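These notes are about the structure you will find just below.
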Amino acid sequence: MKPIRKAVIPAAGFGTRFLPFTKAVPKEMLPIVDTPTIEYIVREALESGIEEILIIINSEKECIKTHFSHNLILEKFLESKNKTLELETIRELPKKIHVEFAYQEEQLGLGHAVLCAESFIKGEPFALLLGDDLYVGKDIPATQQLIEAYNETGASILGTLEVPREDVSKYGICKPCTNEMGTLVRLESVVEKPKIEEAPSRLAIGGRYILTPAIFDFLKTQTKGAGGEIQLTDSILRLMSKESIYALSIQGRRYDIGSKKGFLEATIDFSLSRKDLSEVMKEILNQH
Ligand code: UTP
C-alpha cells in the first residue's frame, strides 16, 4: 500500500457567494485575522505529514502563488529594520515546503479542478483539501485523521460532518452500507446536492478526502451533474463500483470560509483562541 505523501488544494473557483470581494481577490485569501485561509490549509497538510502540495488556481488568482513564494524585497526591508519576528513569519513557510501550482482555466466544477492534478499525482493515493474549508481538528489535524483511516483500510476516505436536514441539498451526502455504524463506515453510495426528501442521510462530505489514483479514470469521462458542473461526487460514486470507499466522521470544528457566516465564526473563534487577541475580541463582543 502506497503512503499518502501528496496533497491537492483546489482554489480556482469564482467564489460567487462572497462577491463583491471575490471579483478581485480569491476567497481562499480571506484573512482569518492576519493569515489567509489557504495558509491554514497548507499548514494542516504539513502537520498531517504531507510532503508535496499542489494548489489549483486560475490566471486571475496569481496572488495565491505570490503568497507562497519568497518576497526578497520585503525580506531585505524587514532585515534592515531589524524586524526579526515579522521576517520569520514570512520566511518560515516557503522554507518548510515548496508549493506547486496548476491552472484550471475554465471553472467547470470541482471534479474538473481535481483532474488538473493528474500529472502531479503520478499514480499515488493523495489527500484533497478544499481551499475554503477550514478545520480545527480535535487533538490531531483533520487530514491526519483521514490518513490514519486510509492506513487502516487502504481505501479512499471521505471526511464527513453531520448537517441539519434542511442543509443536505448544499452538500455531497453519503449513504453508509446497512449495519455500518461508528466513526468509520463503508459506503454504499453518495449523491451530490440531493433534495431533502431524497437524501440518504445527514452525513455530508466536508471538504477533506483521501482518494486513490483510480479516481482520474472516472474524472476523465465524467459528464456534468448537479448545477451543470463536473462533480467530484459523481466520479466517487462510479469509483465505488470498483473499490470500497469509507466515510470518516471528522473530529473537530469546520468553518466554511466561502460563506459569510463561516468566515465570521472563524474570525471570532480564532481571535478568542489567540493569546494576543482573546481579551480584545471578548471586549468587542461584550459591547454588543
Ligand atoms: P465551491 O463550490 O465552494 O467554490 O468549491 P466556488 O464555486 O468557487 O464558490 P461559490 O459556490 O460560487 O461561492 C470548493 C473549492 O473548490 C474550488 C473552489 O475554489 C473552492 O476552494 N473550485 C470549485 C475549483 O477549483 N474549480 C471549480 O471549478 C469549482
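Computed from a predicted structure; not experimentally measured. All ligand and atom numbering here is 1-based and tracks the order in the structure.
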## Note on the structure
When distances are taken from atom 17 (C) of ligand 1, the protein heavy atom at minimum range is P10 O, 3.8 Å

### Query
Going by distance only, is there an N or O of E106 that falls short of 3.5 Å from an N or O of ligand 1?
no

### Task
Inspect the contact between R43 and E39 and indicate whether a charged nitrogen and a carboxylate oxygen are less than 4.0 angstrom apart.
yes

### Query
Considering all protein heavy atoms, does one lie under 4.0 Å from atom 28 (O) of ligand 1?
yes

### F120 six-ring centre to K6 NZ/CZ under 6.0 Å and within 45° of normal
yes

### Query
Is it the side chain (CB and beyond), the backbone, both or neither of E229 that lies under 4.0 Å from ligand 1, heavy atoms counted?
neither

### Message
For the 3.5 Å polar cut-off, considering only N or O atoms, please tell me whether A12 and ligand 1 meet it.
### Response
yes

### Query
Numbering the atoms of ligand 1 from 1, which are under 4.0 Å from a heavy atom of F14?
8 (O)

### Within-cut-off N or O pair, F18 and ligand 1, under 3.5 Å
no

### Message
Considering non-hydrogen atoms of the protein only, which is the closest contact for atom 12 (O) of ligand 1, and what is the distance?
### Response
T16 OG1, 2.5 Å

### Task
Have a look at ligand 1 and work out which part of A113, if any, has a heavy atom under 4.0 Å from it: side chain, backbone, both or neither.
side chain

### Message
Any carboxylate oxygen within less than 4.0 angstrom of a Lys/Arg side-chain nitrogen, looking at E51 and R5?
### Response
yes

### Query
Does ligand 1 have an atom that lies less than 4.0 angstrom from a heavy atom of A11?
yes

### Task
Check each heavy atom of T22 against ligand 1 and say whether those closer than 4.0 Å belong to the side chain, the backbone, both or neither.
neither

### Message
Within the supplied structure, the quantity of interest is the number of heavy atoms (other residues, nucleotides, ligands) at a distance under 6.0 Å from E166 CD; does it exceed 12?
### Response
yes

#### Entry: Electrostatic pair K193-E198, nearest N-O below 4.0 angstrom
no

### Task
Compute the shortest N/O to N/O distance between G13 and ligand 1 and return yes if it is under 3.5 Å, no if not.
yes

### Query
Hey, is R274 close enough to D269 for a salt bridge, meaning N to O under 4.0 Å?
no

#### Entry: SB check D256 R17 (cutoff 4.0 Å)
yes

### Task
Look at atom 14 (C) of ligand 1 and say which protein heavy atom is nearest, naming residue and atom and giving the distance to 0.1 Å.
D132 OD1, 3.7 Å

### Summary
Counting from 1 in the order shown, the ligand 1 atoms closer than 4.0 Å to a non-hydrogen atom of G131 are 21 (O)

### Query
Only one of L130, T233, L219 clears side chain to side chain contact (heavy atoms under 4.5 Å, CB included) with L110; which?
L130

### Query
Should the ring pair F68 and F101 be called parallel, tilted or perpendicular, given that the plane angle runs from 0 to 90° and is split at 30 and 60?
tilted

#### Entry: Heteroatom distance test (G15, ligand 1): nitrogen or oxygen, under 3.5 angstrom
yes

### Test item, L110 contacting ligand 1 (heavy atom, 4.0 angstrom)
yes

### Query
Q107 heavy atoms, cut-off 4.0 Å: which ligand 1 atoms fall inside?
28 (O)

### Query
Between E162 and S249, does any side-chain donor sit less than 3.5 Å from a side-chain acceptor?
no

### Query
Which ligand 1 atoms does L108 reach within 4.0 Å, using its non-hydrogen atoms?
28 (O)

### Query
Counting only heavy atoms not in N179, do more than 12 fall under 6.0 Å of its CG?
no

### Closest approach of any protein heavy atom to atom 4 (O) of ligand 1, naming residue and atom
K27 NZ, 3.0 Å

### Query
Among protein heavy atoms, which lies nearest atom 26 (N) of ligand 1, and at what distance?
Q104 OE1, 2.7 Å

### Query
Could K95 and E92 be called an ion pair, given the rule that one side-chain N must be under 4.0 Å from one carboxylate O?
no

### Task
May I ask you to identify, for H112, whether its side chain, its backbone, both or neither come under 4.0 Å of ligand 1 on a heavy-atom basis?
neither

### Task
May I ask you to say whether E44 pairs ionically with R208, meaning some side-chain N is under 4.0 Å from a carboxylate O?
yes

### Query
When you measure from atom 2 (O) of ligand 1 to every protein heavy atom, which one gives the shortest distance, and what is it?
R17 NH2, 4.7 Å

